[in-house]
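What follows is one structure encoded as structure tokens, with my remarks underneath.
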2 protein chains.
Amino acid sequence: MDTLEPLKLTKGTPGEICPIEKTIDVIGTKWTFLILRDLLIDGTLRFSDLLKSMEGISPKTLSLRLKQLEEQGLIERMVYPEVPPRVEYTITDKGKQLESIFIELKRFGLTLP
Amino acid sequence: MDTLEPLKLTKGTPGEICPIEKTIDVIGTKWTFLILRDLLIDGTLRFSDLLKSMEGISPKTLSLRLKQLEEQGLIERMVYPEVPPRVEYTITDKGKQLESIFIELKRFGLTLP
DNA sequence: CTGTATCCAATCAGATACTG
DNA sequence: CAGTATCTGATTGGATACAG
């Protein structure tokens, strides 16, 4: 679809899933949003960086969400065979396409009290 | 904030909440997204319209989400004292400001398989 | 028609301890 | 450091019946 063409909102037509719904199914939980936000900003982060960056997330939850995002091809996991171990998570090109969504999320957030 | 100025993504600075996080806290559940999508498209809808439009939602869940959205000022509830009763939900001006987020959600969804 | 009341299932998430 | 294991609690959501 041409990005210059004004995009109208639509619901799904019978037999196909609404594209908005598809996106929500991919990125639609609180921590998923915040992990993607951090990686969109920083590009690459280690597990411990993400853990520190997001106030309140537990290592279990972070691990689960990272796996999910990796399966969806939005982030990439790189293991460096060092001691102590180092694992880096990087946003993929597909993940970078989410940036305009986050720009709009921020724009709206700035209008909130 | 000037909408012409290019917006950079940021995390929250100490002492203030990240605007992206604020937005997620307001609209960040599956059904909330889909209710807002429907009302952004149609402007005004009745309870039963929404129930029919969203495959799978139960009246209980719909009722809860509508109340939440009304409290946040994103939609407005209008009761017509008729028999049988008629209740219409309308997107507010504040709710309309979410449209650009949904445009981007759709744009990304169109790239998904 | 527009909800609410119940009851129950599933998902998500927090705390903490522990392993390679 | 980078997770996993375990246990527990909170939130979300579905089914159904029913009330105003």
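Residue numbering restarts at 1 for every chain, and letters A, B, ... go by the order of the sequence lines. The shown structure was predicted, so the numbers you read here are calculated from the model rather than taken from an experiment. The figures that follow rest on heavy atoms only: side chains count, while hydrogens, waters and symmetry mates do not.
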Send over the distance from [X] [atom1] to [N] [atom2], rounded to a whole Å.
| X | N | atom1 | atom2 | result |
| --- | --- | --- | --- | --- |
| F33(A) | dA13(C) | CZ | C1' | 17 Å |
| K30(B) | dC12(C) | NZ | C1' | 15 Å |
| W31(A) | dT11(C) | CH2 | C1' | 16 Å |
| E55(A) | dA13(C) | CD | P | 16 Å |

Outermost contacting nts on DNA chain D, any atom under 4.0 Å from chain B heavy atoms, listed 5' then 3', are dT12(D) to dG20(D)

Residue set satisfying salt bridge (charged side-chain N to carboxylate O under 4.0 Å, His left out) with D25(A), at least two apart, ordered chain then number -> none

Contacts of T44(B) meeting side-chain hydrogen bond (donor to acceptor under 3.5 Å, both in side chains) (sequence neighbours excluded), chain-then-number -> T90(B)

Between the CG atom in L34(A) and the CG atom in L62(A), the distance rounded to the nearest 0.5 Å is 11.0 Å

Would you say that Y89(A) contacts L45(A) through its side chain, given a criterion of any heavy-atom pair below 4.5 Å between the two side chains?
no

* To do: Walk me through it: do K67(B) and E70(B) pass the test salt bridge (Lys or Arg N to Asp or Glu O under 4.0 Å)?
  => CA-CA 5 Å; K67(B) 261 182 206 155; E70(B) 195 193 353; over 6 Å; no

Salt bridge (Lys or Arg N to Asp or Glu O under 4.0 Å) pairs touching residues 85-103 of chain B, sequence neighbours excluded, are E82(B)-R86(B), R86(B)-E88(B), D93(B)-K96(B)

Students should find that the hydrophobic cluster of M78(A), defined by side-chain heavy atoms under 4.5 Å apart, otherwise consists of Y80(A)

Would you say T23(B) and K106(A) are linked by a side-chain donor-acceptor pair, where the criterion is simply a distance under 3.5 Å? no

Check nucleotides 2-6 of chain C against the protein and report each pair of N or O atoms closer than 3.5 Å, with its distance, or say if there are none.
unit_1	atom_1	unit_2	atom_2	d
dT2(C)	OP1	R46(B)	NE	2.9
dT2(C)	OP1	R46(B)	NH2	3.1
dT2(C)	OP2	S48(B)	N	3.1
dT2(C)	OP2	S48(B)	OG	2.7
dG3(C)	OP1	R77(B)	NE	3.4
dG3(C)	OP1	R77(B)	NH2	2.4
dG3(C)	OP2	Y89(B)	OH	2.8
dT4(C)	OP1	K67(B)	NZ	2.8
dT4(C)	OP2	S63(B)	OG	2.2

